Protein chains: 4
Amino acid sequence: MNSDISAPEGELPLRADARRNRDQIINAAKAIFAAEGPDAPMEEIARRAGVGVGTLYRRFPDREALIRAVARDNFTNALTHAQAAATEETTGWNALVRLLKSSDELQLSVRLGMTSPRAWDVVKGDQVTQGLRDSLLEILEGVVGTAQAEGSLRTDVGAGDIAAMYSMLLRRPTDPAQQRIAERALHIMLDGLRPHRHATELPGRPLQVSEVHPLSTAPAHPAPGT
Amino acid sequence: MNSDISAPEGELPLRADARRNRDQIINAAKAIFAAEGPDAPMEEIARRAGVGVGTLYRRFPDREALIRAVARDNFTNALTHAQAAATEETTGWNALVRLLKSSDELQLSVRLGMTSPRAWDVVKGDQVTQGLRDSLLEILEGVVGTAQAEGSLRTDVGAGDIAAMYSMLLRRPTDPAQQRIAERALHIMLDGLRPHRHATELPGRPLQVSEVHPLSTAPAHPAPGT
Amino acid sequence: MNSDISAPEGELPLRADARRNRDQIINAAKAIFAAEGPDAPMEEIARRAGVGVGTLYRRFPDREALIRAVARDNFTNALTHAQAAATEETTGWNALVRLLKSSDELQLSVRLGMTSPRAWDVVKGDQVTQGLRDSLLEILEGVVGTAQAEGSLRTDVGAGDIAAMYSMLLRRPTDPAQQRIAERALHIMLDGLRPHRHATELPGRPLQVSEVHPLSTAPAHPAPGT
Amino acid sequence: MNSDISAPEGELPLRADARRNRDQIINAAKAIFAAEGPDAPMEEIARRAGVGVGTLYRRFPDREALIRAVARDNFTNALTHAQAAATEETTGWNALVRLLKSSDELQLSVRLGMTSPRAWDVVKGDQVTQGLRDSLLEILEGVVGTAQAEGSLRTDVGAGDIAAMYSMLLRRPTDPAQQRIAERALHIMLDGLRPHRHATELPGRPLQVSEVHPLSTAPAHPAPGT
DNA sequence: TATGAATGAGTCTTCATTCAT
DNA sequence: AATGAATGAAGACTCATTCAT
C-alpha cells in the first residue's frame, strides 16, 4: 500500500528495515487519524506502529510531515485505482461508476482533510499531493469525456461537477449498515446524472476541473473575524 | 437565534444579563467550532463572546456541555425552519426542496458531529438532541409522504433515503464560490429523485426513518484495532 | 454553640437574623472543614449554610477570617467545658479526666490547626484565640495542682506535660525542642504500659490486631450531610 | 531511603537516571507533603526535585499515584525499622520501645493519611500499602507477645491496643467503634499518669505551661528550602 | 540507529473574591 | 442587605519535540 511513489523525493531509498518502519508508521497514522482525527498524540501513533517516538520523529520531523505523508500515500493509491478503472472498464460510464464507488483511499484522505482545518492547511500546501490530485482529475476528465461521447452521461455536467459531488459523498461511513444506505444515495445521484431528464435546468454553467478548488472541496474556514 | 427553547429546561430563567452572556457564548462557540473544530481553546471562545473563561465555565461546566448546547441550539433552529417549510409550502415537493436547501443550522450541527469523534460522542449521547432530531425526521417523513402522494417524488425512496443523502450534503462549504458548486450538485440529486427514471434499479428496499442511525450518519469510527 | 464570646470584638451586636446567618455559616464551616479540611470551597460552605457567597463574604471578609471565627468558637466552647469540669467535679483527678476526655471542641480546633499549615498560621496569629488558649491552660494548671495536692496525680509532671501529651493525641512535632517535650509524654505513656498497675480496670477486652482498622485510625469523615 | 522495594512491582527496572529522578521526586514529595500537606502544587514538588513537571507526571500519572508512592515508601521504611527492632533488641520491651520511638517514617504516612480526606482515601485504597501495614502489625504482635512473656508488659493489653494508642498519638477517631478503642488507650495513658510508678525517670524537668507552644504543638513547618 | 526520558509551553478547569442587580 | 454572576489568577495535566543513553 505505501508504495515508493510516496517516498521522500530525492532521498536515497531506505534500508529494508527503515522502509518497514516507515510503512508501519504510516499505516498506524492512517488508522489513528481515522479514529481520532489528525490531532491524535504522536506517541499513540508510535506505539501502534511498534516503534519509539524517537523513531517516528526521525522519519517525520513533525506532525505536518506525517500528515503529508499519509495524504500522499492515500492519493497515490487512489490514483492507482483510478488508472485501473479508466484502463480496464469498457465504457466511460462504467469507468465513472467504478471510480465513484471504489476510491476508499481517496475517501480517507479527503476525510482527513475535512476533519481538521489544521490538517487541511497542511495538505493544501503540499505540492506533491496537489500533483497527485491533478493527475486524478485528469483521469476523471477523460472518463467524463468518454462517457459523454458515448451518450451515457448528460452533457450539461462537467468533470468538476462530478468531483464536487464526489467530495460530498466522501463522508461515506465505514460501518456496513451505513454502507448500504450510502449505496442507495449514490444510485440516486447516478440516476440524476443520466441524460434525458430536464425537469430541472441546472443553475450556472458546467463546471470545469479548474473551477473546483484543491481536493474539490473547501473546509469550513470562514475568516475568524466573521 | 438562541431561543429559549434551548434554555436549560426546568431551570429557573436566567437573569437578563446572564441570558445575554449565555447567548453570546453559544454564538461565539458556533463560529469558532465551525472555524477550528470543537477542540478550539475555550479561552478563545470566551474572548470572542466578550466574557471571561470563568463565565463560560459557570454556564457550561465543561467542553462537552458547550458542544451539547450548541448542538441543541442548532437542531432547534433547524426544527423551526423545517416546521416553517412544511407549513408554508404549497406542495410536498417544494417543501422538500426548501428543507434540503435551507437547513444551514442543521448543517453546522452535523458538521460539528462529524468533525471529531469526540464531539460526535457527545452529541450522540444527548437525549435532548436526539429528541429534536426525531421531531425533525418526523416532519421530513410527512413531507416525503405528501410529495409522493402528489406524484412529485419517486416512490421507491423513503424519508430515510432523503435523510441519508441530506447528511451527505452537509459538508456544504461556506464560501460563496463553493456554494454555487454545491447548488448544482444538489440539483442533480434532486433530478435523480424525480419519478419516471428507472435506468437503475435501486439496491435494497426503501429506507425508513427508523433504519437510519442517529443524525443519519456515522462518524469515522473504525475499531481502533483495524 | 456559637456564643457571643466569639463575636467580632468591638462590633455592635448583630441583628437577630444576621446573627442567625453568622451562626449558620460557622456551623457549616465547622462541618465542612472537618470533612474536607480548611481549603474547602467557600461556595460549598455558603450553600451548606443556606446563604449566598456574597453573604458569607459580607460576614467574613476572607477565608482567614472564617477560619479564625471557627477557631474562636471552638476554643470558646472548650473553655466553657473546662470551666464546668473544674467547677463541678469533686476531685482534681476527676476534673482532669473529664477535661481530657471531653474536649471534643478543642480537638476540632487542633485538628483544624494541624490539617493545613495555612490554617495553622491563621490561628497562631490570632490574639483572641491565644487568649482563649491561655485561659484554658490556666484552668488546666489549676486542676493539675489540685490533683497533685490530692495525691492522685504524680507530682513530677506539670500542666505543660499534660497539655503536651494531649497534643500528642494529634501529632508529633518535627522541631527538636518540641521533640523533647514529646519524649516526656511518650515516657509517661510507656509507664502506663508497665505491668503491676491496676489502678484502672481497662474497659472492654484486649484488642487484637484484627480489631483495629486500616492504619489503626479513621480519618474525619462525618457523613457530608451531618 | 527509597529502596527498590517500593519500585513499581513487575515493571522493568528503570534506567539509572530515571531511577534517580524517581527517588528525588519521592523525597521532594515527602518533604513538601510534610510541610504543606498533600495538596501542595505539583510544580513545587517538581522544582524541589530538580525536574520538570512533565517528568513528575511521566513517573506518577497523577497526584494520587504520587501520594501512593510516598505512602508505600514510608511504610516500607517503617517496616524495615520494625524488623531491625524486633531482631536486634534483646528484650521484647526494648524492641517495643524502639518501635514506638523510632517509627518516624510511619508517622509521616499516618499524618499524610490524616491530613486530608482525599489523601486518606488514596492510601486506604492501596493494596500494597495495606500489605505493608499488615506486615508491620504482625511484627508488632510478635514483639508484644515476647514482652508479655518476659513479664515486662502487662498482659491485659494486645498489640491492637498498642497500635491504637500509637495512632492516637496522631488523632482521635470520630466513629463510635473506634471511640471505644481509643478509650482503652486513653485509660492506659491515664494509668501512666497515676503516682507511685517510678519505673522510668522522666527526661528533663516538669514542663510549665509557658514552655509549651501555641495549641501545645507545632505543625511541620520546616523552611521550604530545607 | 532506536529508544524512551525530560522538558516546558499550552489548555483546561476551579475557586477566591468582587460587584451589579 | 442578600444574592448570585463575572472575573482572572492559580494550578493540574497533556503532549509535541528534543536529547541522552
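No experiment lies behind these values; they were computed from the predicted model shown. Lettering of chains follows the sequences in order, A, B, ..., and the numbering in each one begins at 1.
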Please report the distance, rounded to the nearest Å, between [atom1] in [X] and [atom2] in [N].
{"X": "D/Asp39", "N": "F/dA12", "atom1": "CG", "atom2": "P", "value": "9 Å"}
{"X": "B/Phe60", "N": "E/dT11", "atom1": "CZ", "atom2": "P", "value": "21 Å"}
{"X": "B/Glu44", "N": "E/dC12", "atom1": "CD", "atom2": "P", "value": "10 Å"}
{"X": "B/Arg47", "N": "F/dT7", "atom1": "CZ", "atom2": "P", "value": "14 Å"}
{"X": "D/Arg20", "N": "F/dA20", "atom1": "CZ", "atom2": "C1'", "value": "12 Å"}
{"X": "C/Tyr57", "N": "F/dT7", "atom1": "OH", "atom2": "P", "value": "18 Å"}
{"X": "D/Met42", "N": "F/dA10", "atom1": "CE", "atom2": "C1'", "value": "15 Å"}
{"X": "A/Glu36", "N": "F/dT14", "atom1": "CD", "atom2": "P", "value": "14 Å"}

Which listed nucleotide ([options]) is nearest to the side chain of [X]?
{"X": "A/Asp62", "options": "E/dA16, E/dT11, F/dT17", "value": "F/dT17"}
{"X": "A/Val53", "options": "F/dA16, E/dA5, F/dG8", "value": "E/dA5"}
{"X": "B/Arg59", "options": "F/dA2, F/dA6, E/dT3", "value": "F/dA6"}
{"X": "B/Asn21", "options": "F/dC13, E/dT17, F/dA6", "value": "F/dA6"}
{"X": "B/Arg63", "options": "F/dA5, E/dT13, F/dA12", "value": "E/dT13"}

With sequence neighbours left out, write down each residue that passes salt bridge (Lys or Arg N to Asp or Glu O under 4.0 Å) with A/Asp39, or none if nothing qualifies.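 Here the qualifying residues are A/Arg118.
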Hey, does the side-chain of D/Arg58 have a donor or acceptor N/O within less than 3.5 Å of a partner on the base of E/dA5? yes
All side-chain contact (heavy atoms from CB on, under 4.5 Å) counterparts of [X], not counting sequence neighbours:
{"X": "D/Glu43", "result": "D/Arg47, D/Val53"}
{"X": "B/Ala28", "result": "B/Ile45, B/Arg48, B/Ala49"}
{"X": "A/Pro41", "result": "A/Glu36, A/Glu44"}

Which heavy atom of B/Lys30 sits nearest to which heavy atom of B/Val70, and what is that distance?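 Between these two residues, the closest heavy atoms are CG-CG1, 3.9 Å.
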Correct closest heavy-atom pair for C/Ile67 and C/Val123 would be CG2-CG2, 4.2 Å
Restricting to side chain to side chain donor-acceptor pair (under 3.5 Å), what partner residues turn up for C/Asn21, sequence neighbours left out? none
One should report the stems of DNA chain E, each a stretch of at least three consecutive Watson-Crick or G-U pairs at distances under 3.5 Å, as E:2-21 with F:2-21
Nearest heavy atom decides the nucleotide; on that basis, is B/Gly52 or C/Val51 closer to the 5' end of DNA chain F?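 Looking at the nearest nucleotide for each, C/Val51 comes out on the 5' side.
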Identify, between C/Glu64 and A/Leu56, the residue whose nearest nucleotide on DNA chain E lies closer to the 5' end. A/Leu56
With nearest nucleotide decided by heavy atoms, which residue, B/Glu43 or D/Gly50, maps closer to the 5′ end of DNA chain E?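 Comparing both residues, the 5'-ward one is D/Gly50.
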Which is it for A/Asp23 and A/Arg20 under the salt bridge (charged side-chain N to carboxylate O under 4.0 Å, His left out) test, yes or no, and what are the steps along the way? CA-CA 5 Å; A/Asp23 287 353; A/Arg20 183 157 51 297; over 6 Å; no
Please determine whether a side-chain nitrogen or oxygen atom of D/Thr55 lies at a distance below 4.0 Å from atom OP1 or OP2 of E/dT7. yes
Considering every strand and a 4.0 Å limit on heavy-atom distances, what is the contact class for C/Ala40: base, sugar-phosphate, or nothing? sugar-phosphate
